[in-house]
Amino acid sequence: MTKIDPTIPFAVPISPIVEFWNDVLAPKVLTYRHILEGGLSHHSAQVFPRLEIQNGARVLDVGCGFGDTTLELARKVGPMGHVTGVDCCPDFVDIAQTELRSSGLGNVEFHVADAEANLPEQQYDSVFARFGTMFFVNPVSGLRTVRKALRPGGRLTHIVWRQRAENPWLAAARSVLLEHLPQPDANAPSCGPGPFSMADPTLVRNQMEAAGFTDISFEKIDAQVLVGRTIDDAIAFQLALGPAGEVFRTAGDLAERKRSAIETDLRAVFSSAHHDADGIWMNSASWMISATAP
């Protein structure tokens, strides 16, 4: 297995997209961590048993968020392996560091870094990303950076959302919002291309081939994900984050004037979803995409 060179620095994340994540989205993600982390883990839980990661491997976790996948990868590679988690949001990395201290693991490190812009080259046996690569502003360039971080023969596995129609947990609320509010302006500040930018396998295959990857494969993952502990929680989450949140945020005062009618329609959507003791659940669909760095 390759050895990590600790002298190679990570790029400091500086871009309008990173600033938007930190200034606008990060506080909201922290508020709804129970929905995001709890829901997304239903996809990575299906992917982890299929990962081609050996004991003792050196692994990079791109867009590690609160570090739950990073710590799971660290358990997978064992004490002789090593896992590095990177994320552009310092608030997320701070929580990941706290989780690391209570985990008892000694083979993990976290960095605030922009994985799209720059990574140490040929340092890792595997790269993993859960719902992170789809926010690359320039997918080919970002994927090429990831490919260069792998040693020859190393593997990338990333999880991205499939088509909007297959993801009612996000799409249903957006449809409701667009019955009341206009589409967001194309020039409005945003988190990047958006959650469905890698939904088309033909497009993504072309992007990955242009970035230099080979042996590219796609596998469907389906799961019910938590959308809120209560209907009020689900409504607040959708108005804060995701495609519906973008519509609401960019509409400004108009959105606030129509809030009552919007919330009434969202309440009807979530009332018809599956409820259990843990909360409200809706269907979601992702791709597990795997490829090799030649």
Side-chain angles (χ1 to χ4, degrees), residues 21 24-49 63-72 87 89 91-92 95-96 98-99 102-103 130-132 134-135 159-180 191 194-196 199 220-249 255 259-288:
W21 269 98
V24 178
L25 296 184
K28 298 178 181 181
V29 172
L30 292 172
T31 299
Y32 297 103
R33 177 184 176 185
H34 62 289
I35 296 176
L36 291 167
E37 192 175 66
L40 306 189
S41 64
H42 286 261
H43 288 263
S44 52
Q46 294 187 54
V47 168
F48 265 71
C64 66
F66 304 123
D68 61 306
T69 51
T70 314
L71 301 183
E72 187 63 26
D87 200 285
C89 294
D91 288 343
F92 300 171
I95 290 175
T98 299
E99 296 292 332
S102 62
S103 73
R130 183 183 68 186
F131 303 115
M134 59 203 186
F135 294 111
I159 308 173
V160 302
W161 297 117
R162 298 205 314 262
Q163 298 291 348
R164 182 179 283 112
E166 299 176 273
N167 283 281
W169 79 285
L170 289 176
R174 175 180 178 272
S175 295
V176 167
L177 268 290
L178 289 176
E179 292 175 1
H180 296 270
C191 60
F196 301 108
K220 289 183 176 180
I221 305 293
D222 296 287
Q224 284 211 323
V225 295
L226 183 73
V227 295
R229 294 190 179 120
T230 66
I231 290 177
D232 287 341
D233 191 31
I235 291 172
F237 167 69
Q238 294 287 346
L239 295 185
L241 288 166
E246 181 180 28
V247 174
F248 192 81
R249 182 182 64 252
R259 178 186 282 271
S260 179
I262 290 168
E263 290 184 348
T264 296
D265 288 351
L266 288 177
R267 189 170 299 276
V269 169
F270 296 122
S271 294
S272 63
H274 174 69
H275 292 236
D276 66 15
D278 295 319
I280 305 167
W281 301 81
M282 295 180 73
N283 290 337
S284 67
S286 68
W287 290 113
M288 168 184 157

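Because only heavy atoms are used, hydrogens play no part in the values below, and waters and symmetry mates are left out as well, while side chains stay in.
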Taking all non-hydrogen atoms of both residues into account, name the closest pair between [X] and [Y] and its distance.
X	Y	result
Val227	Trp281	CG2-N, 4.4 Å
Met134	Pro195	SD-O, 3.3 Å
Tyr32	Ala240	CE1-CB, 3.8 Å
Ala96	Gly65	CB-O, 4.1 Å
Val225	Gly39	CG1-O, 3.3 Å
Asp276	Asp278	OD1-N, 2.8 Å

**Derivation and outcome, side chain to side chain contact (heavy atoms under 4.5 Å, CB included), residues Gln238 and Leu177** = CA-CA 10 Å; Gln238 294 287 346; Leu177 268 290; 6.0 Å; no
To the nearest 0.5 angstrom, please state how far the [atom1] atom of [X] sits from the [atom2] atom of [Y].
X	Y	atom1	atom2	value
Gln46	Ile159	CD	CD1	9.0 Å
Thr69	Glu37	OG1	CD	8.5 Å
Asn283	Asp222	CG	CG	8.0 Å
His43	Ile221	NE2	CD1	8.0 Å
His274	Met282	NE2	CE	12.0 Å
His42	Leu226	NE2	CG	7.5 Å

For the backbone of [Y] and the side chain of [X], can you confirm whether one donor and one acceptor N or O come within less than 3.5 Å of each other?
X	Y	result
His275	Phe270	yes
Ser284	Ala223	yes
Asn167	Ala285	yes
Arg174	Glu246	no
Trp21	Ala26	no

**Message:** Could you go through Leu30 and Phe66, starting from their C-alpha distance and side-chain angles, then the distance that decides it, and tell me whether this counts as side chain to side chain contact (heavy atoms under 4.5 Å, CB included)?
**Reply:** CA-CA 9 Å; Leu30 292 172; Phe66 304 123; 3.5 Å; yes
**Asked** Is there side-chain contact between Asp233 and Ile35, with at least one heavy-atom pair below 4.5 Å?
**Response**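 They are in contact (side-chain heavy atoms under 4.5 Å apart), so the answer is yes.
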**Request:** Fit a plane to each ring of Trp161 and Trp169, take the angle between them on a 0 to 90° scale, and name the class: parallel (under 30°), tilted (30 to 60°) or perpendicular (over 60°).
**Result:** tilted
**Request:** With side chain to side chain contact (heavy atoms under 4.5 Å, CB included) as the test, would you mind laying out the steps for Arg164 and Leu170 before giving the verdict?
**Result:** CA-CA 8 Å; Arg164 182 179 283 112; Leu170 289 176; over 6 Å; no
**Request:** Evaluate side chain to side chain contact (heavy atoms under 4.5 Å, CB included) for Glu99 paired with Thr70, printing each intermediate quantity in order.
**Result:** CA-CA 10 Å; Glu99 296 292 332; Thr70 314; over 6 Å; no
